[in-house]
Q: 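Here it is, the structure, as structure tokens.
Bear in mind that the values here come from a model prediction, so they are computed numbers and not experimental data.
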Amino acid sequence: MTSKHLNSTPDRGSSITASRSSEKHERRNCITGIDRRSFLQAAGGLAATGLLAGCTDNGSGENPDQNGGDDENSQQSVEEWLSGTNNFNGITDKTGDSTVTVEVGPDSDEMVFEPAAIRIRPGTTVNWEWIGSGSHNVVAKGGLFNSGDPEEQASFEYTFDAAGTTLYYCDPHRAAGMKGAVIVEESGNSESTTSNWSE
């Protein structure tokens, strides 16, 4: 019968395995630390570059409007903004109306504003009316207006006093393409002159 001693030292193979395992673990932590550090340095550099890029001008010597395009490109900016919507077929002319209604989540499609883009005159009030059963809100990009928390069966209105382009969205459904635009033009002006939002 063989007896084992509790205080015996492990055999040489066990101590080598334990030692190698410990070295491997330390090496892995060291490599991970370097990778993590390098990653954080690179991410910080990219973030700084992005911030600086936003501070530069467009190089044309002209002042771009606040939506990032020249005054001439406001139409194009609206088209780019609304390119992911389900119902944008152009800008609806409402320049003859003092009050304009935009349906929010109509029964035909819960994830749209109808019409998606409108052209109005300064002093026009836009009334957004929730038509469908979904929970929505209306938020201007840049903070010009905000109807508040998403809700059902509501309405919100805003009077546009100055010429410009305002892009807006439904906060919970922005990624789904629920966006709209209001282009406010002076009488006889076919181009938007300023923007009512910034990033």
Q: Could you pull out the closest heavy-atom pair between Pro115 and Thr92, with the gap in Å?
A: CB-OG1, 3.4 Å
Q: Mind checking the OG1-CZ spacing from Thr95 to Arg119? Nearest 0.5 Å is all I need.
A: 7.5 Å
Q: Can you give me the closest heavy-atom contact between Ala181 and Val78, atom names plus distance?
A: CB-CG1, 3.8 Å
Q: Among the clusters formed by ILVMFWY side chains lying less than 4.5 Å apart, do Leu167 and Val139 turn up in the same one?
A: yes
Q: State, yes or no, whether a side-chain contact exists between Val126 and Ile120 at a heavy-atom distance under 4.5 Å.
A: yes
Q: From Thr101 OG1 over to Lys94 NZ, what is the distance, rounded to the nearest 0.5 angstrom?
A: 8.5 Å
Q: Side-chain contact test, heavy atoms from C-beta onward, threshold under 4.5 Å: evaluate it for Tyr169 versus Met178 and give yes or no.
A: no
Q: Are Ile118 and Val112 in one and the same hydrophobic cluster, where Ile, Leu, Val, Met, Phe, Trp and Tyr link if side-chain heavy atoms are under 4.5 Å apart?
A: no
Q: Rounded to the nearest 0.5 Å, how far apart are CD1 of Ile183 and CD1 of Ile91?
A: 4.0 Å
Q: Any side chain to side chain donor-acceptor pair (under 3.5 Å) involving residues 148-159? Give me the pairs, sequence neighbours left out, ordered by first then second residue.
A: Thr125-Thr159
Q: Show the nearest heavy-atom pair for residues Ser83 and Glu80, with the distance to one decimal.
A: OG-O, 2.9 Å
Q: Kindly give the heavy-atom pair with the smallest separation between Glu110 and Gly132, and that separation in Å.
A: OE2-CA, 3.0 Å
Q: Is there a side-chain contact between Phe113 and Val138 in this structure, where contact means two heavy atoms from C-beta onward sitting under 4.5 Å apart?
A: yes
Q: Please say which of Trp128, Phe160, Trp81 ends up in a ring pair (Phe, Tyr, Trp, His ring centres under 6.0 Å) with Tyr168.
A: Trp128
Q: Report yes if the side chains of Pro172 and Asn137 come closer than 4.5 Å at any heavy-atom pair, otherwise no.
A: yes
Q: Heavy atoms, side chains only, cut-off 4.5 Å: are Arg121 and Glu185 in contact?
A: yes
Q: Taking side chain as C-beta onward, heavy atoms only, is Thr166 less than 4.5 Å from Val184?
A: no
Q: Where do Gly105 and His136 come nearest, in terms of heavy atoms and distance?
A: CA-NE2, 4.1 Å
